[in-house]
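Remarks on the structure that follows.
The sequence lines fix the lettering, A, B, ..., with proteins before strands; numbering per chain opens at 1.
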Amino acid sequence: MSYITGVGLTAFGRHEGSSSLDLMSEAAELAITDAGLQRGEIDGILCGYSTVSPHIMFATVFSEHFGIRPAYAHAVQVGGATGLAMTMLAHQLVDAGMVRHVLVVGGENRLTGQSRDASILALAQVGHPDYEVPLGPTIPAYYGLVASRYMHEYGVTQEDLAELAVLMRAHALTHPGAQFHDAITVADVMESKAVALPLKLLDCCPVSDGGAAFVVSRERTGETGVRVLGCAQAHTHQHVTAAPALSELGAEIAVARAKVASGVATSDVRYAAVYDSFTITLAMLLEDLGLAGRGEAAARVRSGHFGRNGAMPLNTHGGLLSYGHCGVGGAMAHLVETHLQMTGRAGNRQVRDASIALLHGDGGVLSSHVSMFLERVR
Amino acid sequence: MSSDKQTLADWTAGEEAIVYQSCAACGSLQYFRRRFCASCGAPDPVEKRASGEGVVYATSLVCRAATPETRAHVPYSIVLVDTSEGFRMMAHGDNDLAIGDPVAARFARFAGRLVPYFEKVRS
């Protein structure tokens, strides 16, 4: 058994002069304080990577910088799925009795620490070095390919995808830490600059500075516990050229395994935190996870289903699309927000009932998937 | 890899050719070159030259590129093509290609390199 006992999240956007280690430390301090622990009680560290400051031993670099001497420490790299993959490992480490309190941390000065071109170039390297990268694709182009096929097979339109961007922006408007604070419409998304068609600028998450952290513990430290019910992964390919058919992607496999591990059904879920690097990512994952029928994600957004007061509140902080995306910390913000919702601390964003949550992360080009169910325990 | 193994040069090595591998043991095809079959693990899959014919599986028109060399080409269309031999590959193509279009490959220069480029076959 394991509990998420504390969470920490910085604002996302520009943090001029902050290094990746600064942003990670800020989030880590918040998470440890939130858990009611002292630094010295942290005996395990899992951290992500930084494209701005690559290092072969990033977890010990962070541990020394932060001032702790853990019994267990290393970095994890699964792209956008890293945050949930680390949480899954932390859960297993404390469940196995290896350590008592694992600090999971990610953060990066991806916006101000390097040029936007450098970020785009670094991320495009998830493509095949011989057979894809020489063609000049970008991450939006990889997802643009997937989007074109998904739209073709399921009759989804660009206006449909735009609904997801509008929803994430509406949610971000109520979070002071979000990168974007201007409301947008479907027309705004449609008129935004072409990036890798069918994806346009507002279909894409931004590049951000920021940090996120949480503590995973053997026992709960607060009155309301957030327990990890179960989690699972699936990895079907790395490169989009080698991806299986749309009906055989890893999200469906991972969530099916996570349901078995957790003993819950989709109908039990009251809050959803789903990876949203692009509008197509979110639409596909919602449908793969069973939170909407095939080709029906946009209709569910229009009906208010995924809104704060809907039946399945989704990414109430604004997600990667509008809270922002600082790399590993980006998708960790989804778990931080879920924790705040489950413990009744989301303020003006609070949903009615977040007793059971489904979280899902995706790395690469729908390559690596982690699904997780959390349960509130009082 | 055995010493008498023939390696066919392809566009990734600057030759005007698309090459794939076929496993003699299980019959699987693969596009990314390896010293073994990724389906069954058998060594030395046979290298074959593809016809360059296929059908468009997916498209994306890149309008925002990340380097000066690639920026000179925008907008350019990245496509995934299901070849008539049965493997899938990424390439460039005409900007107006649509999913399901029958296509044939030629080769073009892109950012200082040779790349496969698909055009619609008019029937």
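- Only the backbone of A65(B) comes within contact range of chain A, with heavy atoms under 4.5 Å apart.
- With a 4.5 angstrom heavy-atom cutoff, Y150(A) does not touch chain B via any of its atoms.
- Heavy atoms closer than 4.5 Å to chain A are found in the backbone of M89(B), but not in its side chain.
- For the set V195(A), V146(A), L121(A), the count of heavy-atom pairs under 4.5 angstrom toward chain B peaks at V195(A).
- Interface remark: A38(B) contributes no atoms to any contact with chain A (heavy atom separation under 4.5 Å).
- Taking SG from C63(B) and CG from L201(A), the interatomic distance works out to 11.5 Å, rounded to the nearest 0.5 Å.
- Without hydrogens or angle criteria, Y76(B) side chain to G136(A) main chain gives a donor-acceptor distance under 3.5 Å.
- Ranked by heavy-atom pairs under 4.5 Å with chain A, the first of T70(B), L80(B), V62(B), V115(B) is L80(B).
- Side-chain contact between P134(A) and L114(B): absent, with no pair of heavy atoms (C-beta onward) separated by less than 4.5 Å.
- When all heavy atoms of I78(B) and L145(A) are compared, the closest pair comes out as O-CD2, 3.4 Å.
- Contact annotation for V74(B): neither backbone nor side-chain heavy atoms come within less than 4.5 Å of a heavy atom of chain A.
- Residues P140(A) and S60(B) share a closest heavy-atom pair of O-OG, 4.5 Å.
- Here the straight-line distance linking atom NE2 of H239(A) with atom OH of Y31(B) works out to 12.5 Å at 0.5 Å rounding.
- Around atom CZ of R71(B), more than 12 heavy atoms belonging to other residues, nucleotides or ligands sit under 6.0 Å away.
- Summarising the geometry of I120(A) relative to R64(B), their closest heavy-atom pair is CD1-NH2, 3.9 Å, with the distance given to 0.1 Å.
- Contact of T241(A) with chain B is made through backbone and side chain together, with heavy-atom distances under 4.5 Å.
- Both the backbone and the side chain of R88(B) come within less than 4.5 Å of a heavy atom of chain A.
- Between W11(B) and Y131(A), the ring planes lie perpendicular to each other; the angle is over 60°, past the 30° to 60° tilted range.
- At a threshold of 4.5 Å between non-hydrogen side-chain atoms, the residues I99(B) and S148(A) count as touching.
- Residue contact with chain B, scored on non-hydrogen atoms closer than 4.5 Å, involves the backbone of A243(A) exclusively.
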